[in-house]
Amino acid sequence: FMSSKLIKNLCFNLYSTSCLVPEILNKCTEYVIYNKDYMLGFNVDRLLFVIYSLNYYPVHADRFFQDVTDIIIR
């Protein structure tokens, strides 16, 4: 099961090791898309930072980036 705490820990681990695992990042982005009403900007910011740092373009990027923008503005 995914959770905000798990996303936070995964982001830390992926950034610390500079390891790109697309399946993990896709699961994290899907979690954000489907739970956007319950996500905090702090955790979404960490996920965006890792995606940028690892130079990854997520699946369903158009919807993900729109939802992330809405979360951060909120």
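Hydrogens, waters and symmetry mates play no part in the numbers below; they use all other heavy atoms, side chains included.
Put simply, Ile71 and Phe42 are part of two different groups of oily side chains (I, L, V, M, F, W, Y) that touch within less than 4.5 Å, one to the next. Note on Leu40: it does not cluster hydrophobically with Met2, by side-chain heavy-atom contacts below 4.5 Å among ILVMFWY residues. No continuous path of ILVMFWY side-chain contacts below 4.5 Å connects Ile73 to Phe49, so the two sit in separate hydrophobic clusters.
Counting non-hydrogen atoms of other residues, nucleotides and ligands closer than 6.0 Å to CZ of Phe12 gives a total of 12 or fewer. In Asn55, the CG atom is not crowded: 12 or fewer heavy atoms of neighbouring residues, nucleotides or ligands sit closer than 6.0 Å.
Within the structure, no pair that satisfies the side chain to side chain donor-acceptor pair (under 3.5 Å) test touches residues 6-22, not counting sequence neighbours.
Among Asn43, Ile51, Asp45, the single residue meeting the side chain to side chain contact (heavy atoms under 4.5 Å, CB included) criterion with Leu47 is Ile51. Exactly one of Asp67, Asp62, Val68 qualifies for a side chain to side chain contact (heavy atoms under 4.5 Å, CB included) with Phe64. That residue is Val68.
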Residues 20-32 side chain polar contacts: donor-acceptor under 3.5 Å, at least two apart:
unit_1: Asn26; atom_1: OD1; unit_2: Tyr56; atom_2: OH; d: 2.8
unit_1: Asn26; atom_1: OD1; unit_2: Val59; atom_2: N; d: 3.4
unit_1: Asn26; atom_1: ND2; unit_2: Pro22; atom_2: O; d: 3.2
unit_1: Asn26; atom_1: ND2; unit_2: Tyr56; atom_2: OH; d: 3.2
unit_1: Thr29; atom_1: OG1; unit_2: Leu25; atom_2: O; d: 3.2
unit_1: Thr29; atom_1: OG1; unit_2: Asn26; atom_2: O; d: 2.9

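Rounded to the nearest 0.5 Å, atoms CD1 (Ile33) and CE (Met39) are 11.0 Å apart.
Heavy-atom minimum distance, Lys36 versus Arg74: O-NH2, 2.9 Å.
Listed by chain and residue number, Gln66 satisfy the side chain to side chain donor-acceptor pair (under 3.5 Å) test with Asp70 (two or more places apart in sequence, or in another chain).
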